[in-house]
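Taking it in order: structure first as C-alpha cells, then the write-up.
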Amino acid sequence: VIEFDAVYYDGRTSARTPVRVRGYTLAIEIAAEGLRLEIPLAKVRVDPPVSGTRRALHLPDGAQLQTDDHAAVERLFPSAHAFEGWVHRLERRWPYALAAIALIAAFAWWSVVDGLPRAAKIAAGFVPVAVEVNIGEQALDFFERNVCQPSALPPARQEALQRRFAALTKGLDDGYAYRLLPRACRGIGANAFALPGGPVVITDALVKLAQNDDQISAVLAHEIGHVRGRHGLRLGLQAAGLAALAAALFGDATSITSLATTLPTALLQSGYSRELEAEADDYAFERMRKVGLPPKAFAQIMQLLEKDRASKTGGTSSDYFSTHPATAKRIERALDADRSR
Amino acid sequence: MSQPSIERGAAAGTAATAARRYPIEFTAGTGEYFRIWIVNLALTVVTLGIYSAWAKVRKRRYFYGHTRIDGEGFEYRANPVAILKGRLIAVVVIAAYYGAGHFAPQYQILLWIPIIIFGPWLLVRSLAFNAYNTAYRNVRFRFEGTYKGCLRVVLTRGWLVLTGILYPYFKHRMIRFVAENHRYGTARFEVADFKKPFISAYANAFGLGILLVGALAISIIWVGTIRTKSPLLFVGTIVLFYVGLFLLFAYIRARTTNAIWSAVRIGPMRFEPSLRARDLMWLYFGNLLAIVLTLGFATPWAVVRAMRYRASKTTAFASGPLDGFAQAEAQQVGAAGEEVADFFDIDIAL
C-alpha cells in the first residue's frame, strides 16, 4: 500500500480539502473527514513531472488531487510518461545541461558558418529572376534619388567603358540584363557596386583613380560576379534565416529584450559579405582570363583603392568593421591567379 | 450560465479593511529553469523542431506551477499534440503569407486585408486556448470574447492606429475587450475604468520622447561642430536612441501594467501592482546586456528575472475566501489560432 498526503478538489469549485490517499494495485482510496472515495487506477490520469511543481492527478468528472509527494506518485504509476519522465531526468542534472549547451553551440556554429549560406544558396535558386530584377530596381531607385547623379565623364569616355563592359558580359546567357551605369555619387568615393538582376554602378572617382582600363575591367568583372552569384539575394536570405534562427533559439524573452539577439546577427552579416567578396573575386579572375585580361590588373586597382582609402581617412588600413576582407589577402590571391594564367 | 457563488461583497472602501493579503509568489530557480530550457532546446534541435511543442508545454508548466497565490500554483494544461498540430498549420499559413508577399511585391499593400480580417480571429482563438488551458485550484479560466466583438473594436477604432498619436486609445479599447471577457470559472473579470492612467502613461512617454529627440538633435549639432565625420558620433547617436527607447518602453510597461491590474476585480479578489519604471528599465537593460554578452545563453536567466520582479511587485487582496469559485462548462479550443498568432506576435498583454 502506498500512502500520501494530497489536496482534493471536487471539480465543481475551488474549495480544497486536505486528504490522505491510499494506493492499491487496482484503485486509490481518498479519505478525509466526511469524505471517502474509491477510484479505479485506470481512471486516474497523472501529469508528467516538472521540477519543483506539484503533481496533479486528474480524476473522473474533473476532480483532481495535487500532491508534493512525487515519489509516491512514481511508485503508484511506474509506467506513466516514460518519455517525459526521461526528459525530466535530463533536466535535473547539470552534466546533461552542459552536454545540451555544447550541442546548441555546435548547432548554432554550424548553421552560421555552413548551414545558412548553403540553405540561402539553394533557396535563391527558387527565386525567379523577375523577382530579383524587381528588388534590384527598387534599390537602384533609392541610389538614383538620394546618392547618385549622372556621370560627368565625357561621352566618349563613357562609350569606351560601355564597350569594356559589353566585352565582359558577352555570351553570359544567364537571363540577367547587365547594364553599366557610370555615376557621380556622393560620399562613397572611388567605388563600384552591383545590384540584384544586373545593374552595375561605377563612380567617376573610381574611373579617374584607375591607371588603365584593364583595371576598370577587373572591377567590373568582380561586380558581374556578384550579380551572377545572386549575392544580393543570398545576403538578404541569410539575414532572414539568421533572424529566424536567433528567434527560434533565444526568442522567448520580452520583445524589447529580444532585440538583443539581433545585434550579434548584424555582426555575423559582415562575415557573410566577406565570403561573397572572395567568391566574386574568383569569378573575376576566371572571367578575365577568359577574355584575355591579366588578373594582375585586379591586384593593381585594389592597391590603388587601398591607398586612396588610407589617405582619405588618414588612418591605418586595419578596418575592423570593414565589409572587405583584408585587402592584402585579396591582392595576393589576384597575383596567384595571374601567375597560374 | 450560473452566477458566481461568491457574494459580490461590500463596496471597495469598506471591503479593503477586511481584505486578506495574498502576495504573489514566484518560486522558479534560475539554475533549474536554465537546465529545463537548454535540455528542451537541445531536444527541439535534435528532432528538427517537432519536439518544440513539448518544450513549450514543459516550460510553461514550470512557470505556471511556480507562480503561486495562497500557496497554490497555476496549472498549464495544454496538450502538446494539439500545439504541434497548431504549429504545422501555422507554418503553412505563414509560408503562404510570406510567399505571397515575396513573389508579388506589387500587391504587398493588399496583405493588410487578411491581417485585419483574420487578426481578430487569431487573437480571440489564442486567448481562448490559453485561458481554457490555464487553471488555478482546479478551476479553469475562460475567454468569452467573440470574433464579432473583436472585429467590431478593430473596425471602429483600428483607424486610430494610422494616426500614430491616437494609438493608445485603440490599445486601451483592445485591452479592455480582452480583460473584460476573461472568466475564472464562472466569475467575471470586472474591469473598472483605467482609461485616464493608461492614456496619461502614453502621453508622458510621448512628452519624454520629444525631449529625448530634442536633446539628441542638440548633442549631434554640438558634437558636429567640434569634430566632423566621426563614426563615434553615429554609433553614439544610435546607442542613445536605444537607451531612450528602453526608457520609454519600461515607463509605458510599468505604468500601463499598474493601471490595468489595479482596475481588475475577480469575485472577491483585487490586485495591487506597484511596478516602477526605473526598476524595469534597469531590468530590461541588464537582460539585454546579458543576452548579448552570452550570445543568447542568458535568456532563461533574463526571463526568470523579469517574471520574479513582476510577481514581487504584485499583491492580491481578497475580501472573502478563495474557496467559492465555481467551475463552468467550457468548450475545448484548438491550438492553431494560438500558434499563428504567436508567430505574428499578435498579443494583447495584460
Side-chain angles (χ1 to χ4, degrees), chain A residues 7-16 47-48 50-54 56 58 62-64 66 83-84 87-88 90-94 96-105 107-108 127-128 130-131 134-135 138 246 248-261 263-264 313 321, chain B residues 5 27-29 31-32 34-46 49 52 54 58-59 61-62 64-66 72-73 75 102-103 105-106 136-139 185 231 242 245-246 249-250 253 284 287-292 295-297 299 302-303 306 321-327 345:
Chain A
V7 175
Y8 173 76
Y9 297 97
D10 65 5
R12 287 187 296 275
T13 73
S14 59
R16 55 186 170 191
D47 272 351
V50 172
S51 286
T53 65
R54 273 195 187 169
H58 300 274
Q64 196 188 58
Q66 283 187 12
F83 174 63
E84 281 200 55
V87 174
H88 178 59
L90 297 186
E91 287 167 352
R92 285 170 59 170
R93 306 215 169 276
W94 276 108
Y96 294 119
L98 293 176
I101 292 177
L103 188 126
I104 297 296
F107 172 74
V127 177
V131 172
N134 201 313
I135 297 170
Q138 279 175 18
L249 291 183
F250 307 118
D252 39 9
T254 16
S255 52
I256 187 101
T257 317
S258 295
L259 264 180
T261 53
L263 290 174
T313 54
F321 283 106
Chain B
S5 59
T27 53
E32 197 170 49
F34 178 82
R35 292 195 303 267
I36 291 176
W37 177 79
I38 195 82
V39 164
N40 281 275
L41 192 56
L43 287 171
T44 300
V45 167
V46 168
S52 67
W54 279 262
R58 282 194 75 75
K59 287 189 284 186
R61 285 189 56 210
Y62 181 77
Y64 278 46
H66 279 281
E72 308 259 350
E75 268 183 88
H102 255 286
F103 290 104
Q106 60 272 38
Y136 173 68
R137 288 172 164 241
N138 198 33
V139 170
Y242 273 108
L245 210 67
F246 253 89
F249 182 85
R253 200 22 105 72
Y284 288 145
N287 284 356
L288 181 86
L289 218 60
I291 290 175
V292 170
L295 298 173
F297 284 103
T299 303
V303 175
L322 301 181
D323 286 351
F325 290 99
Q327 185 78 274
D345 218 359

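Keep in mind that the numbers below use all heavy atoms, side chains included, and drop hydrogens, waters and symmetry copies. Protein chains get the first letters and strands the later ones, always in sequence-line order, with residue 1 at the start of each.
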Pick one of side chain, backbone, both or neither for Ala108(A), based on which atoms fall under 4.5 Å of a heavy atom in chain B. neither
Between the side chain of Arg61(B) and the main-chain N/O of Asp47(A), is any donor-acceptor distance below 3.5 Å? no
Heavy-atom pairs under 4.5 Å with chain A: which of Leu43(B), Leu322(B), Val45(B) has the most? Val45(B)
Gly62(A) backbone acceptor or donor facing Asn138(B) side chain under 3.5 Å: yes
Evaluate the side-chain proximity of Asp323(B) to Thr13(A): yes if any heavy-atom separation is below 4.5 Å, no if none is. no
With no hydrogens and no angle check, is any side-chain donor or acceptor of Ser14(A) less than 3.5 Å from a backbone partner on Val139(B)? no
Short N-O contact, Glu75(B) and Arg54(A), less than 4.0 angstrom: no
Which atoms of Ile101(A) are under 4.5 Å from chain B, going by heavy atoms: the side chain, the backbone, both sets, or neither? both
Of Arg58(B), His66(B), Glu32(B), the largest count of non-hydrogen pairs under 4.5 angstrom with chain A goes to Arg58(B)
At a heavy-atom separation under 4.5 Å, does Ile36(B) approach chain A through its side chain, its backbone, both, or neither? both
Residue pair Phe297(B) / Ile104(A), side-chain heavy-atom distance below 4.5 Å: yes
Under 4.5 Å from any heavy atom of chain A - which part of Phe34(B): side chain
What part of Gln66(A) gets within 4.5 angstrom of chain B, counting heavy atoms only: side chain, backbone, both, or neither? side chain
Side chain, backbone, both or neither: which part of Arg16(A) has a non-hydrogen atom closer than 4.5 Å to chain B? both
Which atoms of His88(A) approach chain B - backbone, side chain, both or neither, heavy atom under 4.5 Å: both
Consider only side-chain N and O atoms of Gln327(B) and Tyr9(A), and report whether a donor and an acceptor are under 3.5 Å apart. no
Which answer fits Val39(B), side chain, backbone, both or neither, if we ask what part of it has an atom under 4.5 Å from a heavy atom of chain A? both
